[in-house]
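Below you'll find the structure, written out as structure tokens, and then a few comments.
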Protein chains: 2
Amino acid sequence: MTYCVAMRLDAGLVFLSDSRTNAGVDQIGTFRKMTVFENPGDRTMVLMTAGNLSISQSVLQLLHDHVGSNGTTIWTAPDMYEAARIVGEAVRAIHVREAKALAQFNIEFNVSIIFGGQIRGETCRLFQIYAAGNFIEAHDENTYFQIGEAKYGKPIIDRVVTRRSSLDDAVKCALISMDSTLRSNISVGLPLDLLVYEADSLAVTRFVTIDEKNAYFQMLRGTWGAQLRQVFEGIDAPTWQPMPDADDQPVRMPLPAAVPPVLAPPVLQSMAQQSGDGK
Amino acid sequence: MTYCVAMRLDAGLVFLSDSRTNAGVDQIGTFRKMTVFENPGDRTMVLMTAGNLSISQSVLQLLHDHVGSNGTTIWTAPDMYEAARIVGEAVRAIHVREAKALAQFNIEFNVSIIFGGQIRGETCRLFQIYAAGNFIEAHDENTYFQIGEAKYGKPIIDRVVTRRSSLDDAVKCALISMDSTLRSNISVGLPLDLLVYEADSLAVTRFVTIDEKNAYFQMLRGTWGAQLRQVFEGIDAPTWQPMPDADDQPVRMPLPAAVPPVLAPPVLQSMAQQSGDGK
């Protein structure tokens with residue numbers, strides 16, 4: 001699998017991707033999932049892919065010189081919306097070429113793409129493109145997109161990131177989100193590609209490949225894990241009161257009950273009776 | 001959907017379940033997903049279900065008086081392994097009865113079960129039972145099971161819970177895990193059923209239904225969220241050095257590069273050239 005996350009902030013864009021691909025657990029490889037389309041001063045666009053590697057590589061190959069239905073390419077598109085539409089067209093072209101043959105082997109046409117960046121004259125924009133070639137755009141109230149193994153790393157982003165977050169905070173959060181995913185899902189792995197795009201720079205100014213030796217990532221993982229446990233230990237334990245009579249249906253802590261109210265429904269009630277008979 | 005988690009500790013067992021079911025987002029209901037089978041002094045067993053509600057309710061109905069292939073019932077099974085086998089048999093019986101008819105409506109036979117407890121003469125045991133009726137047991141190195149929307153709440157458990165955790169710590173962790181899931185997935189909802197089984201009590205001594213008014217859960221959510229953000233803000237921001245020459249392939253922070261090395265492969269290289277021509 002894969003985990004990629006991108007955030008759209010007032011200050012710019014943050015892109016983070018892992019580099020593990022696997023066909024089952026016995027065929028694991030390292031493939032970069034982040035591709036940069038840069039024409040300094042004119043446009044800088046970043047594309048990250050998840051799903052079937054053969055499909056996403058074909059989409060990239062096609063994008064290289066794909067001419068959109070209205071004659072523009074990803075290098076000449078007047079705005080990011082048009083560029084995203086061209087990416088979607090490339091996905092559809094590969095679908096026409098591959099889907100039927102893959103289906104004969106019960107292989108789903110599975111690819112999802114995060115695509116974002118800036119074209120001169122526009123602000124930063126961020127899109128998620130689906131296997132059907134359709135896409136959605138991130139707006140102020142929805143500042144990030146994830147593809148691949150997204151769920152493990154979602155709660156921390158929901159808790160801390162807003163459009164007003166600084167690029168540094170977004171980087172911290174993206175790396176913590178990735179760390180949680182790495183710990184809980186073996187199909188996501190190092191090294192990571194991290195690209196930070198500063199709004200209006202129209203160039204890649206901050207990029208790094210992060211492996212296990214990366215000092216900052218080591219510090220972040222260690223500090224976060226340790227302080228999380230500290231906070232955890234600092235939270236009061238629940239307190240339980242002596243049992244009220246069995247009929248009492250508990251509605252809130254610390255009030256416990258003799259028997260959970262879920263025994264109330266007839267079938268379960270009679271189970272309780274049977275358990276009585278069983279004595 | 002659903003989120004249920006159970007933990008097996010030296011001190012006993014912790015079970016936590018939400019109560020939301022949905023068929024799409026326009027048909028959402030509240031159903032308890034935790035059922036207790038208790039014969040005080042002899043056995044106390046807890047069963048939690050996820051998946052298709054009609055299937056899990058049928059399994060429970062059947063379990064009520066299901067006689068296992070070797071003549072024992074869930075109330076007379078000599079050990080938890082045998083009791084889990086009887087639950088698996090009930091799942092298979094419902095599969096025989098329902099699966100084909102559901103398939104005609106493209107409804108998958110989807111049910112997953114967490115089943116744990118203690119029978120006199122044994123220690124506490126915890127099982128996860130699949131739709132095929134087969135099951136696995138939690139051991140010391142794998143202290144918990146989750147069913148339903150499991151991923152959001154997994155990282156925090158992986159970080160803090162071991163078999164040696166206290167029941168109170170396990171309760172705290174389970175509630176935090178549930179909180180992260182509630183925040184990130186609308187298909188999981190309050191109220192929650194929380195049951196804490198103290199090893200060798202052979203009875204339900206601690207149970208509570210938790211809704212939004214529950215003071216302890218309110219405190220936990222507030223404190224955890226706030227202190228998490230505090231820890232987050234306390235972590236150093238990354239520092240970026242001035243750009244090295246473009247050929248330099250970055251290998252660690254804070255060393256940035258002019259162009260991500262992912263541009264190296266031929267196809268992407270030529271993209272870069274094309275972007276150059278595009279100037």
Side-chain angles (χ1 to χ4, degrees), chain A residues 32 34-39 60-61 64 75 151-152 154-155 158-160 168 171-172 180 183-184 193 195 204 206-210 213-216 220 223-225 227-229 231-232 235 237-238 240 250-257 259-263 267-268 270-271 274-275 278-279, chain B residues 32 34-39 42 60-61 64 75 151-152 154-155 158-160 168 171-172 180 183-184 193 195 204 206-210 213-216 220 223-225 227-229 231-232 235 237-238 240 250-253 255-257 259-263 267-268 270-271 274-275 278-279:
Chain A
R32 318 297 280 275
M34 183 188 294
T35 305
V36 174
F37 302 77
E38 184 184 32
N39 182 356
L60 278 170
Q61 174 70 57
H64 167 212
W75 299 108
K151 294 182 178 183
Y152 305 101
K154 187 173 190 298
D158 290 334
R159 287 180 192 275
V160 302
D168 284 345
V171 165
K172 277 199 294 181
S180 296
R183 288 177 189 275
S184 292
D193 283 334
L195 190 151
V204 174
R206 297 180 178 179
F207 173 85
V208 60
T209 297
I210 298 173
K213 295 186 301 301
N214 181 277
Y216 181 76
L220 190 81
T223 312
W224 181 254
Q227 298 198 9
L228 213 63
R229 280 186 291 275
V231 169
F232 180 81
I235 294 179
W240 299 85
V251 291
R252 67 177 58 81
M253 258 168 167
L255 190 65
V259 176
V262 70
L263 279 172
V267 45
L268 305 183
S270 54
M271 277 182 191
Q274 173 161 350
S275 86
K279 279 180 193 162
Chain B
R32 316 296 281 274
M34 182 189 293
T35 306
V36 173
F37 301 75
E38 184 186 29
N39 182 357
D42 173 59
L60 278 169
Q61 175 70 58
H64 167 211
W75 298 107
K151 294 181 178 183
Y152 306 102
K154 187 174 189 294
D158 289 333
R159 287 181 193 273
V160 303
D168 284 346
V171 165
K172 277 199 292 182
S180 296
R183 288 177 188 274
S184 294
D193 283 334
L195 190 151
V204 174
R206 297 179 179 180
F207 174 85
V208 61
T209 297
I210 298 173
K213 296 186 301 301
N214 181 278
Y216 182 76
L220 190 80
T223 311
W224 181 254
Q227 298 198 6
L228 213 62
R229 280 186 291 275
V231 169
F232 180 81
I235 294 180
W240 298 85
V251 290
R252 69 177 56 80
M253 254 168 170
L255 191 63
V259 175
V262 71
L263 280 172
V267 44
L268 305 183
S270 54
M271 279 184 191
Q274 174 159 349
S275 86
K279 282 181 195 166

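Residue numbering restarts at 1 for every chain, and letters A, B, ... go by the order of the sequence lines. Just the heavy atoms: all of them, side chains too, but no hydrogens, waters or symmetry mates, feed the values below.
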Subject >> Heavy-atom pair count under 4.5 Å with chain A, highest-scoring of B:V231, B:D158, B:T223 >> reply: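 The option with the most such pairs is B:V231.
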Subject >> When B:G225, B:S184, B:A237 are compared by non-hydrogen pairs under 4.5 Å with chain A, the top option >> reply: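 The option with the most such pairs is B:S184.
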Subject >> Top contributor to chain B contacts, counting heavy-atom pairs under 4.5 Å, from A:K154, A:R229, A:R183 >> reply: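 If we count pairs closer than 4.5 Å to chain B, A:K154 comes out on top.
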Original post:
Any side-chain heavy-atom pair from B:L228 and A:W224 closer than 4.5 angstrom?
Top reply: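 They are in contact (side-chain heavy atoms under 4.5 Å apart), so the answer is yes.
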Original post:
Taking the side chain as C-beta and beyond, is there a heavy-atom pair between A:L220 and B:I235 under 4.5 Å?
Top reply: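 Side-chain contact under 4.5 Å: yes.
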Original post:
What is the minimum heavy-atom distance between B:K172 and A:P238, and which atoms define it?
Top reply: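 So the minimum-distance heavy-atom pair works out to CG-CD, 4.3 Å.
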Subject >> Gap separating the OG atom of B:S180 from the NZ atom of A:K151, nearest 0.5 angstrom >> reply: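 One gets 14.0 Å once the value is rounded to the nearest 0.5 Å.
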